[in-house]
Amino acid sequence: MLHKKMAQALNEQINKEMYSAYLYMSMSAYSNKVGLKGFANWFMVQYHEEMFHAMKLYEYVQRQGEEVKLEALKAPPTEFTSQLDLFTQTLAHEQYITSSLNELMDLAISKKDHATKIFLEWYITEQVEEEENDNDIILELKLIGDDPHALLMLDRELAARIITVPTDFSKGVEAAAKAAA
Ligand code: OFO
């Protein structure tokens, strides 16, 4: 059972995770447009990660007997100035998601909702890795500067990123995650 405020906040988080997926899809399209298919791959993998984050919440709200209420997604930006710009915006967005998850955790604690607190711990741990990945790539991009050869080397490296989250949720999200582990 969820407190109404908790259910509403979890529904809002579904929207934020879906927007994250939409944002990274847009960044993938931009990378593809400028000929950096490795970056495009990295952001498309990130899109799948965010869909998984959204779907985990979607299933959790339902398993707790609450209603999923989906809202409109705002349009993501489509124009960027460079790969450094993409990752600077990605890091800022993930920091926003981290604070949103921290607020959810504060709410779960204040409502003595232990099940939601345990559920959210996975997301909070995940955010440390997400911000670390973005910071690492920002540092590399700063070192690369205006060197196209080095940028292409990084592009090749990012082309190797693979999807590690489930993408087929027809049999349930947690079941799919267990099968993929
Ligand atoms: Fe990029 O993070 Fe979701 O939660």
Side-chain angles (χ1 to χ4, degrees), residues 2 6-31 38-64 66 68-78 80 83-109 113 115-141 158 161-169 172-174 176-178 180-181:
L2 294 175
M6 194 76 243
Q8 188 189 333
L10 289 168
N11 267 306
E12 283 165 10
Q13 191 66 28
I14 295 176
N15 187 274
K16 289 174 190 170
E17 300 291 343
M18 294 289 292
Y19 176 77
S20 303
Y22 216 23
L23 175 65
Y24 299 140
M25 199 190 213
S26 184
M27 289 180 170
S28 180
Y30 169 83
S31 300
F39 281 88
N41 172 66
W42 193 95
F43 281 109
M44 197 47 87
V45 172
Q46 197 59 33
Y47 155 83
H48 284 289
E49 296 235 343
E50 301 302 345
M51 288 303 294
F52 176 53
H53 299 171
M55 290 304 294
K56 255 177 94 75
L57 283 153
Y58 171 92
E59 187 172 273
Y60 180 73
V61 170
Q62 287 181 331
R63 287 183 69 204
Q64 286 279 24
E66 284 296 332
V68 167
K69 288 185 183 154
L70 300 178
E71 288 171 18
L73 289 176
K74 68 175 181 191
T78 53
F80 304 93
Q83 298 314 110
L84 182 57
D85 179 33
L86 288 184
F87 276 93
T88 306
Q89 290 200 38
T90 296
L91 177 61
H93 180 68
E94 288 303 328
Q95 287 167 340
Y96 160 72
I97 294 292
T98 300
S99 49
S100 172
L101 288 164
N102 283 338
E103 281 169 23
L104 277 178
M105 181 61 104
D106 288 345
L107 185 62
I109 291 168
D113 182 348
T116 303
K117 184 177 161 295
I118 291 165
F119 173 76
L120 289 171
E121 275 168 9
W122 180 86
Y123 285 84
I124 288 179
T125 308
E126 186 79 4
Q127 282 310 111
V128 178
E129 193 187 313
E130 295 230 348
E131 288 190 28
E132 184 185 11
N133 288 342
D134 300 337
N135 268 317
D136 286 351
I137 296 174
I138 286 173
L139 284 176
E140 283 189 60
L141 285 167
L158 300 185
R161 187 179 188 201
I162 53 166
I163 301 168
T164 56
V165 294
T167 54
D168 175 2
F169 306 115
V173 183
E174 291 306 331
K178 270 187 204 125

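In listed order, ligands and their atoms are each counted from 1.
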Checklist entry - In terms of ring plane angle, is the pair Phe119 and Tyr60 parallel, tilted or perpendicular, where the classes change at 30° and 60°? => result parallel

Next on the checklist: Against ligand 1, does His93 come closer than 4.0 Å with any heavy atom?
Outcome noted: no

Item to check | Glu50 contact mode with ligand 1 (heavy-atom cut-off under 4.0 Å) | outcome: side chain

Next on the checklist: Can you confirm, on distance only, whether ligand 1 has an N/O atom lying under 3.5 Å from any N/O atom belonging to Tyr24?
Outcome noted: no

Checklist outcome for this item: Of all heavy-atom pairs linking Val68 and Ile14, the shortest is CG1-CD1, 4.4 Å

Checklist entry - Is Lys16 salt-bridged to Glu50, going by a charged N under 4.0 Å from an acidic O? => result no

Next on the checklist: In terms of relative ring orientation, are Trp122 and Phe52 parallel, tilted or perpendicular, with 30° and 60° separating the classes?
Outcome noted: perpendicular

Item to check | Charged N-O contact under 4.0 Å between Glu121 and Lys117 | outcome: yes

Checklist entry - Only one of Ile97, Leu57, Thr98 forms a side chain to side chain contact (heavy atoms under 4.5 Å, CB included) with Tyr123, so which one is it? => result Leu57

Checklist entry - Mind checking whether atom 3 (Fe) of ligand 1 has an N, O or S of Glu17 under 2.8 Å? => result yes

Next on the checklist: Can you tell me which N/O/S atom of His53 has the shortest distance to atom 3 (Fe) of ligand 1?
Outcome noted: ND1

Checklist entry - Is it true that Arg63 and Glu174 have a side-chain N and a carboxylate O under 4.0 angstrom from each other? => result no

Item to check | Metal check, atom 1 (Fe) of ligand 1 vs Glu130 N/O/S, cut-off below 2.8 Å | outcome: yes

Next on the checklist: Starting from atom 2 (O) of ligand 1, what is the nearest protein heavy atom, named by residue and atom, and what distance separates them?
Outcome noted: Gln127 OE1, 2.9 Å

Checklist entry - Between atom 1 (Fe) of ligand 1 and Glu126, is there an N, O or S atom separated by less than 2.8 Å? => result no

Next on the checklist: Checking the N or O distance criterion of under 3.5 Å, is ligand 1 in contact with Tyr123?
Outcome noted: no

